[in-house]
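Since the structure comes first, as structure tokens, the remarks are kept for the end.
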Amino acid sequence: MTFELQHTDKGSDARTGLITTAHGQIKTPIFMPVGTCGSVKGVHFSELREQVKAQIILGNTYHLYLRPGLEVLRAAGGLHGFNGWERPILTDSGGFQVFSLTGIRKLREEGCEFRSHIDGSKHIFTPENVMDTERVIGADIMMALDECPPGQSDYAYAKRSLAMTQRWLDRCIRRFDETEPLYGYQQNLFPIVQGCTFKDLRREAAKFVADKGAEGNAIGGLAVGEPTEVMYEMIEVVNEILPKDKPRYLMGVGTPQNILEAIERGVDMFDCVMPTRNGRNAMLFTYEGTMNMRNKKWEMDFSPIDSDGCDTDRIYTKAYLHHLFKAQELLAMQIASIHNLAFYLRLVGDARQHIEQGDFVQWKASVVDRLGQRI
């Protein structure tokens with residue numbers, strides 16, 4: 001994998017770049033739709049390609065490990081062969097999902113023991129077997145196993161957690177280096193910077209990760225309950241240390257405002273379930289703010305969902321989408337998901353254009369406040 005830094009904004013740390021992987025190129029900054037079980041909920045791959053214009057999608061190691069399972073994925077030639085997505089794929093390590101299983105998991109130095117949410121069967125994730133699992137899945141970008149501590153963790157817990165995450169990273173790297181890709185193309189391992197909301201721990205973590213010389217680096221453990229200003233501060237602290245010639249991935253973030261603020265602070269890659277999850281619950285993101293499509297105000301509005309959006313936005317009206325949600329038609333969730341994903345990709349694409357033009361800060365200031373208001 002290569003990363004070419006192409007443009008830097010004059011008034012901020014925003015930048016554009018080009019990531020080249022075995023399955024194609026990714027123009028940054030980029031938003032990556034989340035395909036938890038090997039699919040982006042409610043959206044065909046043809047729509048992801050042609051309307052959303054997704055350049056890379058995510059798969060979830062925890063969910064894919066449990067179902068369909070490694071035997072099926074290996075026989076299919078990895079996730080690319082299984083689901084037919086020919087563009088790049090990133091897999092998380094499953095750590096966040098495992099650590100969210102409060103009450104049915106046990107954390108220890110070896111790894112994390114947990115029970116399946118599907119059938120209650122017992123499993124363990126270790127740095128070594130997670131690397132093996134991600135080899136079988138075959139993603140272009142693999143994430144290291146880490147602990148994602150609660151957002152309000154105290155300093156002592158955060159320090160212990162970070163120390164274990166760092167020991168796990170060393171084990172991940174050793175296993176990654178000992179193994180070969182299974183399907184004839186290169187895979188790349190990204191470490192994850194943790195440290196909660198403590199500046200000294202974040203600096204220590206960023207330095208530890210930067211010294212590994214990985215092809216890219218991730219920032220984890222944010223947008224988990226801390227105030228947004230604290231999140232932005234932690235991004236700044238970390239990005240002062242992470243190498244500028246490698247892509248930076250902010251995991252699980254977030255709202256359109258969050259994304260623009262993070263781009264301004266030098267982040268290149270994003271993912272979040274918000275566009276599809278909120279879309280399934282009738283919330284649409286637009287440049288003018290958010291719309292609740294169940295509200296009666298849309299009942300007689302026959303204007304397009306978004307006249308500047310994708311084909312789906314221009315085909316269907318607000319009144320029709322309101323009707324579909326009121327009637328509980330599945331098409332409502334599909335239309336809203338396509339719209340939101342296309343808007344997120346449009347947002348980062350517009351950010352890229354304004355960075356290239358040198359007026360990103362001014363453009364961001366003109367749109368960021370509107371993005372969060374309710375229409």
Side-chain angles (χ1 to χ4, degrees), residues 30-64 66-68 72-73 76 79-92 94 96-97 100 117-118 137 139 251-256 259 270-286 290-295 298 304-306 308-349 375:
I30 191 64
F31 180 83
M32 305 179 284
V34 177
T36 301
C37 298
S39 71
V40 177
K41 290 185 187 301
V43 183
H44 295 111
F45 282 165
S46 59
E47 294 159 340
L48 278 177
R49 296 184 195 99
E50 296 159 19
Q51 297 199 51
V52 174
K53 303 190 186 307
Q55 300 174 45
I56 175 174
I57 63 173
L58 267 67
N60 182 269
T61 295
Y62 167 82
H63 289 281
L64 293 168
L66 291 176
R67 189 166 52 194
V72 172
L73 288 167
L79 186 56
H80 286 97
F82 187 56
N83 68 7
W85 179 255
E86 74 282 4
R87 296 178 183 177
I89 294 176
L90 180 150
T91 44
D92 62 16
F96 180 81
Q97 283 69 32
S100 300
H117 72 285
I118 299 170
I137 296 171
M251 305 182 74
V253 178
T255 67
I259 288 174
F270 302 88
D271 81 285
C272 190
V273 298
M274 191 173 285
T276 46
R277 179 177 290 170
N278 288 27
R280 295 194 301 275
N281 287 284
M283 177 190 276
L284 267 58
F285 296 96
T286 77
T290 60
M291 301 190 296
N292 182 343
M293 300 313 298
R294 291 195 177 96
N295 288 350
W298 309 117
I305 294 170
D306 187 341
D308 295 323
C310 65
D311 288 346
T312 294
D313 290 332
R314 295 191 294 272
I315 291 170
Y316 300 110
T317 67
K318 297 180 181 74
Y320 181 62
L321 184 55
H322 168 79
H323 157 71
L324 293 177
F325 272 111
K326 296 294 283 187
Q328 299 184 359
E329 286 285 339
L330 294 178
L331 182 59
M333 295 185 282
Q334 186 176 19
I335 291 171
S337 296
I338 293 169
H339 163 83
N340 280 348
L341 287 173
F343 175 74
Y344 268 60
L345 267 294
R346 179 176 151 207
L347 182 73
V348 294
I375 304 175

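These numbers come from a predicted model, not from an experiment. The figures that follow rest on heavy atoms only: side chains count, while hydrogens, waters and symmetry mates do not.
Using a 4.5 Å heavy-atom threshold, the side chains of R87 and R49 count as touching. Under the 4.5 Å side-chain criterion, counting only non-hydrogen atoms from C-beta, P33 is not in contact with V43. Between L284 and N292, every side-chain heavy-atom pair lies at or beyond the 4.5 Å cut-off. Residues Y344 and I259 have side chains in contact (heavy-atom distance under 4.5 Å, counting atoms from C-beta outward). Using a 4.5 Å cut-off on side-chain heavy atoms (C-beta onward), P88 and Q55 make no contact. Considering only heavy atoms from C-beta on, H44 stays 4.5 Å or farther from Q51 through its side chain. In this structure, P68 and L73 have side chains that are in contact, with non-hydrogen atoms separated by less than 4.5 Å.
Atom CZ of R67 sits in a sparse spot, with 12 or fewer heavy atoms from other residues, nucleotides or ligands closer than 6.0 Å. The number of heavy-atom neighbours closer than 6.0 Å to CZ of F82, taken from other residues, nucleotides and ligands shown, is 12 or below. When the shell of 6.0 Å around CZ of R294 is examined, it contains more than 12 heavy atoms from other residues, nucleotides or ligands.
Proximity of a side-chain donor or acceptor of W85 to a complementary backbone N or O of G38 within less than 3.5 Å is not detected. Panel note: side chain D92, backbone T61; a donor-acceptor pair is recorded below 3.5 Å.
When every heavy atom of M291 is checked against every heavy atom of K318, the shortest pair comes out as SD-CE, 3.9 Å. In terms of heavy atoms, P275 sits closest to F285 at CA-CE1, 4.3 Å. Nearest heavy atoms, H322 versus W298: CB-CB, 4.0 Å. Annotation for K41 and T276: closest pair O-CG2, 4.4 Å, computed over non-hydrogen atoms. Nearest heavy atoms, I30 versus V348: CA-CG2, 4.1 Å. For G59 against I89, the heavy-atom pair with the smallest separation is N-CG2, 4.2 Å.
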Please report the C-alpha distance between E50 and D311 in whole Å, then the side-chain angles of each, then the deciding distance to 0.1 Å, and finally whether the side-chain contact (heavy atoms from CB on, under 4.5 Å) criterion is met. CA-CA 9 Å; E50 296 159 19; D311 288 346; over 6 Å; no
Decide yes or no on side-chain contact (heavy atoms from CB on, under 4.5 Å) for H339 and T312, but give the supporting numbers first. CA-CA 7 Å; H339 163 83; T312 294; 5.8 Å; no
Derivation of the ring-ring contact (aromatic ring centres under 6.0 Å, His included) call for Y316 and H323: CA-CA 11 Å; Y316 300 110; H323 157 71; over 10 Å; no
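With rounding to the nearest 0.5 angstrom, the OG1 atom of T290 is 9.0 Å from the CG atom of N278. Rounded to the nearest 0.5 Å, atoms OG1 (T91) and CG (L58) are 8.0 Å apart. Note that CG of L330 and CD1 of I335 are 11.0 Å apart. Values are rounded to the nearest 0.5 Å. Atoms CZ and CD1, from F31 and I57 in turn, are 12.0 Å apart once rounded to the nearest 0.5 Å. Remark: E47 CD to Q334 CD distance equals 5.0 Å, nearest 0.5 Å. Note that the CG atom of N340 and the OG1 atom of T286 stand 9.5 Å from one another [nearest 0.5 Å].
D306 has a carboxylate O that lies under 4.0 Å from a charged side-chain N of R346, or vice versa, which qualifies the two as a salt bridge.
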